[in-house]
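These numbers come from the heavy atoms of this one structure, side chains and all, not from hydrogens, waters or symmetry mates.
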Amino acid sequence: AIASAKAELLENLPSDGCAILCWDNEMVRKMRHLARCPVITYGFSEDADCWGHDVDLIDGTRSQFKVRYLDQDYSFFLNLPGSHQVQNALGVIALGFNLGLTAEEISDGLKNAEMSPMRQEVIEVGGFTVINDAYNASVKSMKAALDLLSDAAKSRKIAILGDILEMGDLGPKAHFEIGAYAYKKADVLVAIGPQGIHFKEGWDSCGSLASLSSSWFSDKEEAK
């Protein structure tokens, strides 16, 4: 339903406009034919017009990656961690080139990129590295945060996960799926909230000893 609503944007672009589409997403690929204007694609797919590859996480806080765009090769730094942020940056790079910016101008912008508060903020607190990604959540964003936790951590990794809201009937299944995914990325799970019990169930399903490293609490006060 969300994909169908987003597709209306393509249908309403004028013929002299430009559509910039994420080529890694199967549903986005299928809507390309709706555009009456030129289309530029981006992503980690090698057949994308703006293809990102060789992504490296530096110091757990920023990314270095290579880009091929219109048969030209470039290298960029992004002042944000996480491969999903690199994917977002590829869309920005495609847009920048389309608007006539130079590679140097685009590079300067990416180096100075900042996230709004509580969106994958990396904070040092009392010897701990905390990834604060509490602004909002979806299945995809939670998996991306867990990927970052796994990639950035040099020692023990603790996943503290709260409920994803407004999931309807999909809630239990989605939380279970994330719990199982977290087991591959972290050493300890602390699940919080009414739906959080399904995080723990997913984690515990990964092995007979999994429950020894997982906890569930009904609310934040109990978790404290």
Side-chain angles (χ1 to χ4, degrees), residues 2-3 6 9 19-31 40-69 74-97 106-107 109-123 129-154 157-167 170 174-175 177-186 199 202:
I2 294 172
K6 295 293 186 183
L9 297 170
I20 299 176
L21 303 181
C22 180
W23 213 230
D24 299 328
N25 188 298
E26 186 65 28
M27 286 184 283
V28 175
R29 282 180 178 246
K30 290 179 179 178
M31 64 177 72
I40 299 174
T41 62
Y42 69 89
F44 299 121
S45 303
E46 195 167 342
D47 58 339
D49 298 320
C50 185
W51 170 43
H53 57 100
D54 292 342
V55 179
D56 292 317
L57 184 65
I58 302 172
D59 299 329
T61 59
R62 57 196 180 106
S63 304
Q64 181 180 12
F65 58 101
K66 295 179 181 177
V67 172
R68 170 160 281 245
Y69 181 78
Y74 305 91
S75 183
F76 292 99
F77 282 93
L78 178 65
N79 193 35
L80 299 171
S83 60
H84 64 294
Q85 297 294 5
V86 173
Q87 186 189 60
N88 290 336
L90 293 171
V92 172
I93 291 166
L95 174 61
F97 279 131
I106 295 172
S107 179
L110 293 178
K111 287 177 183 176
N112 294 307
E114 295 181 356
M115 294 292 287
S116 54
M118 296 196 298
R119 291 183 186 272
Q120 294 207 340
E121 280 186 293
V122 180
I123 310 165
T129 300
V130 177
I131 301 172
N132 180 5
D133 194 40
Y135 182 85
N136 206 340
S138 67
V139 172
K140 186 175 181 180
S141 70
M142 271 204 169
K143 287 184 176 181
L146 289 165
D147 288 340
L148 177 57
L149 173 65
S150 178
D151 293 340
K154 298 181 177 64
K157 302 178 286 289
I158 304 171
I160 304 175
L161 306 181
D163 284 357
I164 306 176
L165 304 179
E166 300 175 354
M167 291 292 292
L170 295 175
H175 287 74
E177 177 185 334
I178 293 170
Y181 190 83
Y183 184 79
K184 306 172 187 176
K185 302 292 180 175
F199 286 139

Would you compute the distance between atom [atom1] of [X] and atom [atom2] of [Y] and round it to the nearest 0.5 angstrom?
X      : Y      : atom1 : atom2 : result
Ile164 : Asn136 : CD1   : CG    : 9.5 Å
Leu110 : Gln85  : CG    : CD    : 11.0 Å
Leu78  : Asn88  : CG    : CG    : 9.0 Å
Ile178 : Leu161 : CD1   : CG    : 7.5 Å
Ile158 : Ile131 : CD1   : CD1   : 11.5 Å
Asn112 : Ser107 : CG    : OG    : 9.0 Å

[X] versus [Y], closest heavy-atom pair with distance:
X      : Y      : result
Ser63  : Val86  : CB-CG2, 3.7 Å
Leu90  : Cys50  : O-SG, 3.6 Å
Asn79  : Ala113 : ND2-O, 3.5 Å
Ala48  : Gly43  : CB-N, 3.9 Å
Met142 : Gly162 : CE-O, 3.1 Å
Val139 : Met167 : CG2-CE, 4.1 Å

- Query: Residues in ring pair (Phe, Tyr, Trp, His ring centres under 6.0 Å) with Tyr181, at least two apart?
  - Reply: none
Run the side-chain donor-acceptor check on residues 20-27: report pairs under 3.5 Å with partners two or more places apart or on a different chain.
unit_1	atom_1	unit_2	atom_2	d
Trp23	NE1	Asp47	OD2	3.4
Asp24	OD1	Phe44	N	3.0
Asp24	OD1	Ser45	N	3.0
Asp24	OD1	Ser45	OG	2.7
Asp24	OD2	Phe44	N	2.8
Asp24	OD2	Gln87	NE2	2.8
Asn25	OD1	Met27	N	2.9
Asn25	OD1	Val28	N	3.2

- Task: With sequence neighbours excluded, tell me which residues meet side-chain contact (heavy atoms from CB on, under 4.5 Å) with Lys6.
- Result: Ile2, Leu9
- Can you list the residues that meet the side-chain contact (heavy atoms from CB on, under 4.5 Å) rule with Phe77, with sequence neighbours excluded? Ile58, Arg62, Gln64, Lys111
- Which residue pairs satisfy the salt bridge (charged side-chain N to carboxylate O under 4.0 Å, His left out) criterion with at least one member in residues 140-149, sequence neighbours excluded? Lys143-Glu177, Asp147-Lys185
- Using salt bridge (charged side-chain N to carboxylate O under 4.0 Å, His left out) as the criterion, list what pairs up with Asp133, not counting sequence neighbours. none
- Task: Classify the ring geometry between Phe97 and Tyr69 as parallel (under 30°), tilted (30 to 60°) or perpendicular (over 60°).
- Result: parallel
- Judged by atom type as modelled, is there a donor-acceptor pair below 3.5 Å linking the side chain of Asp49 to the main-chain atoms of Thr41? yes
- Is Tyr74 close to Ile93 at the side-chain level, that is, under 4.5 Å between some pair of heavy atoms? no
